[in-house]
Amino acid sequence: MASVSSQPQFRYTQPPSKVLHLRNLPWECTEEELIELGKPFGKVVNTKCNVGANRNQAFIEFADLNQAIAMISYYASSSEPAQVRGKTVYLQYSNRQEIVNNKTTADVAGNVLLVTIEGQDARLVSIDVLHLVFSAFGFVHKITTFEKTAGFQALVQFSDAETATSAKNALDGRIIPRYLLSENISPCTLRITYSAHTDLSVKFQSHRSRDYTNPYLPVAPSAIDGSGQFSLGLDGKKLEPESNVLLASIENMQYAVTLDVLQMVFSAFGPVQKIAMFDKNGGLQALIQYPDVQTAIVAKEALEGHCIYDGGFCKLHISYSRHTDLSIKVNNDRSRDYTIPNPALVNPQPSILGQQPVQTMGPPAAHQYNGTQYAPGSEQGMMPPPQHSAGWASAVPPMPQSMPVQMTNHPYMPTPTSMPQMAPTGMMQMPGQGGIPPAGTVPPYTPNQM
DNA sequence: AGCACA
């Protein structure tokens, strides 16, 4: 179909339209100036300025075609050309019949923000960093990122427009704090407007998009496509591929960490299938196997950098193992396969009672037994919104260790339908799972030691 | 100085 626009257009052959096309406008001509210009000839119902590559073109739409004709006619025979700020403006009929899409977006407050990350290394900013930055203002439901001509952009979804507005006001035009990025990344400025979206569609958890309301969403196939770039860490460096098996090393091990302790700690996030402990480089390490990657991700994010015992003792450092299925040859005090019942050997769930030993680790203690956080159907309330009123400076605590718990989602989301492959009961298993280290390994302050 | 964008 040979459309009008495919043929060269000449101003004298342009058929009349309610819409006039203006060019040679001065810089950043305002809507008000366009209205002033057209007002003598009729009612200006719509305008659009800053059009075209040089942003020096505009459109005026009149209520009536005759008004547009009047304006064109006047200036066709006038000795004075149309002017804006003393600059001659050239007029002609537009080849369209109406201005589309003028009054929209940008200024209508909504719960979703469009964030443009400016800077040389903008695309090295990970989704995790963005999550961290925006979480300071409230629960972040979802984030998607994408490349556009505008650069590296993200859509950040909050619960409501108020929260989004507070984030926008605090962050627009600011740079991402340096300590959240590795040193070799040049400064990245955030430009924020409102998006017209209200609910983002996130199909996978990936390095491009996250749905924090649903940790059981499938992980993107990017793990399979061998890119190896699945996840970018806080520092923007590549991390090892995610895995259902975690490698935990224990630092500053003042107290013995037993298999049972590990089982208890890690079970807070889902069923632990297998554990293997071993010594490496003079320290203790353990491999912990979950049935799926998602659970491992949640556990890792919650536990990384945290201490099993108060006082900085037995600090956990967690990474993803290359293993996917541990081979446990024998159940003993260093390795165990919980998927194979072994009554002879085991008492995999030692007595319970206190949770003191893990008090310093937010997730296991806080998450497991707080009934209030299971508000069905509610997407919020699963975690305390971090420092709402905080200004930018204090919005993101400078201590990395304090971040994971604060910013981490509740591992048990009130979305039963969304955890198909995992029996909910499996996750709530171990009534009173706060196992205590066997006598002799109990930290001195633990009240209920023998 | 020559027709826009989600």
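Chain identifiers are assigned alphabetically (A, B, ...) following the order of the sequence lines, protein sequences preceding nucleic acid strands; residue numbering begins at 1 within each chain.
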- Item | Full working for side chain to side chain contact (heavy atoms under 4.5 Å, CB included) between A/F59 and A/R96 | CA-CA 10 Å; A/F59 297 93; A/R96 303 208 196 175; over 6 Å; no
- Query: Rounded to the Å, how far apart are A/R96 CZ and B/dA4 P?
  - Reply: 6 Å
- A/K43, NZ: over 12 other non-hydrogen atoms inside 6.0 angstrom: no
- Query: Is the distance from OP1 or OP2 of B/dG2 to the nearest side-chain N or O of A/Q92 less than 4.0 Å?
  - Reply: no
- Ranking A/K148 and A/N56 by the position along DNA chain B of their nearest nucleotide, the one closer to 5' is A/N56
- Note on the structure: Heavy-atom nearest nucleotide on DNA chain B taken for A/N50 and for A/K87; more 5' hit belongs to A/K87
- Message: Considering every strand and a 4.0 Å limit on heavy-atom distances, what is the contact class for A/E61: base, sugar-phosphate, or nothing?
- Response: nothing
- Query: Within this structure, what is the CG-to-P distance between A/N54 and B/dC3, rounded to whole angstrom?
  - Reply: 11 Å
- Hey, would you say the A/Y212 and A/F134 ring centroids sit under 6.0 Å apart? no
- Using the side chain to side chain contact (heavy atoms under 4.5 Å, CB included) rule, take A/V19 and A/Q97 through it: C-alpha gap first, then chi angles, then the decisive distance, then the call. CA-CA 6 Å; A/V19 182; A/Q97 294 305 306; 5.7 Å; no
- Euclidean distance, atom CD of residue A/Q14 to atom C1' of B/dC3 [Å, nearest integer]: 8 Å
- Note on the structure: Rounded to whole Å, the NZ-P distance (A/K48 to B/dA4) equals 10 Å
- To the nearest Å, how far apart are A/H21 NE2 and B/dA4 P? 8 Å
- Planes under 30° and centres closer than 5.5 Å, is that true for A/F59 with the base of B/dA4? yes
- Message: I need the CZ-C1' distance between A/R55 and B/dC3, as an integer number of Å.
- Response: 15 Å
- Grab the CD-P distance between A/E31 and B/dA4 for me, whole Å please. 19 Å
- Message: Whole angstroms only, please: what is the OH-C1' distance between A/Y90 and B/dG2?
- Response: 12 Å
